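These notes concern the structure reproduced below.
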Amino acid sequence: MTAPLFPGRARRSVAALGAVSAGLLLLSACGGDKPTPLATVTVGSSSVSAESEGECSANGQDLTMDKVQNCLTDPKKAKTVEYGRGDTLRLGVEPEMVEDGKKWQAVLDGQPITEPSSNTYRSFQGADVFATGGQGEAPQSKLLGFVQVGEDGKPLSVWTFKLKLKK
C-alpha cells in the first residue's frame with residue numbers, strides 16, 4: 001500500500017486555496033466596472049443602502065445640472081425607508097465617496113440640508129423632515145438625495161432615497 005502524498009487536511013487546504021485563487025482571477029477579469037460606493041439611510045432599526053446608477057453616476061466625470069435635477073426628483077429607482085416624526089435620521093457613505101478631496105451633501109426635496117462634507121456620517125436627532133410650518137397637510141413622502149461633489153464643487157454622482165411618513 002502506498003501512503004498519500006498529502007494528508008486529508010492538507011489536500012482540503014490546497015483545494016480551498018486553488019478555489020479562492022480561481023475566484024479572484026475571474027473577478028479581476030471582469031473589467032474595470034467596479035460598483036459605486038454605497039450611501040445608506042437609517043431610521044431606527046431600518047436601513048437601506050443604494051448605489052448611484054445609470055445617468056446618476058458619471059464615473060469620474062462631472063454630471064450636468066439637468067441630470068442632477070432629474071436624479072434628485074425621480075422617485076422610480078429610489079429605495080424607500082419609513083420615517084416617523086421625531087425619529088433620528090442617520091446618513092452614511094462609504095469612505096471612498098470622500099477620497100481625493102471629494103465631498104457629499106444631503107438634499108431633501110431639492111433643497112440642501114447639509115453643507116458639503118468629507119465626513120462619512122451625519123445624524124439628525126429628533127428631526128421632523130415632514131414639518132410644514134403650519135402650511136397645510138404634510139406630504140406622505142419626500143425624496144432625500146446624496147450628491148457627491150469633486151474638489152471643484154461640481155457634482156459627480158447622486159444617490160436617491162424616498163422617506164415615507166409612518167402612519
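Here the structure is a predicted model, which means the values were calculated and not measured. In this chain, numbering begins with 1 at the start of the sequence shown.
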Drop me the distance from [X]'s [atom1] to [Y]'s [atom2], to the nearest 0.5 angstrom.
{"X": "D87", "Y": "S46", "atom1": "CG", "atom2": "OG", "value": "9.0 Å"}
{"X": "L63", "Y": "K154", "atom1": "CG", "atom2": "NZ", "value": "12.0 Å"}
{"X": "M65", "Y": "L72", "atom1": "CE", "atom2": "CG", "value": "8.5 Å"}
{"X": "E51", "Y": "S157", "atom1": "CD", "atom2": "OG", "value": "10.5 Å"}

Following the transitive rule for hydrophobic clusters with a side-chain heavy-atom cut-off under 4.5 Å over Ile, Leu, Val, Met, Phe, Trp and Tyr, establish whether [X] and [Y] coincide in one cluster.
{"X": "V41", "Y": "V107", "result": "no"}
{"X": "W159", "Y": "L156", "result": "no"}
{"X": "L38", "Y": "V158", "result": "no"}

Least distance between heavy atoms, P75 atom then K162 atom: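 Looking at all heavy atoms of both residues, the shortest contact is CB-CE, 4.1 Å.
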
Heavy-atom closest contact (A78 atom, L143 atom, distance):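 Nearest heavy atoms, A78 then L143: CB-CD2, 4.2 Å.
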
Less than 4.5 Å apart, any side-chain heavy atom of [X] and any of [Y]?
{"X": "L108", "Y": "L163", "value": "yes"}
{"X": "V129", "Y": "D109", "value": "no"}
{"X": "P37", "Y": "V93", "value": "no"}
{"X": "V81", "Y": "F161", "value": "no"}
{"X": "L144", "Y": "L91", "value": "yes"}

Quick check against the 3.5 Å criterion: does [X] have a side-chain atom that pairs as donor or acceptor with the backbone of [Y]?
{"X": "Q148", "Y": "M97", "value": "yes"}
{"X": "Q105", "Y": "V147", "value": "no"}
{"X": "T160", "Y": "C71", "value": "yes"}
{"X": "K142", "Y": "F130", "value": "no"}
{"X": "T114", "Y": "A106", "value": "yes"}

Sequence neighbours excluded, every pair satisfying salt bridge (Lys or Arg N to Asp or Glu O under 4.0 Å) that has a member inside residues 118-130: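 Of all non-adjacent pairs touching residues 118-130, those that pass salt bridge (Lys or Arg N to Asp or Glu O under 4.0 Å) are R85-D128.
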
More than 12 heavy atoms of other groups within 6.0 Å of K102 NZ: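 Yes.
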
Residues, nucleotides or ligands: over 12 heavy atoms within 6.0 Å of Q125 CD: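 At most 12 heavy atoms, drawn from other residues, nucleotides or ligands, come within 6.0 Å of this atom.
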
Test applied, side-chain hydrogen bond (donor to acceptor under 3.5 Å, both in side chains); reference residue, T42; option that passes from S123, S49, S47: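 Answer to the side-chain hydrogen bond (donor to acceptor under 3.5 Å, both in side chains) test with T42 among S123, S49, S47: S47.
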
Whether W104 and F146 hold their rings parallel, tilted or perpendicular, with breakpoints at 30° and 60°: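 It falls in the parallel class, under 30°.
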
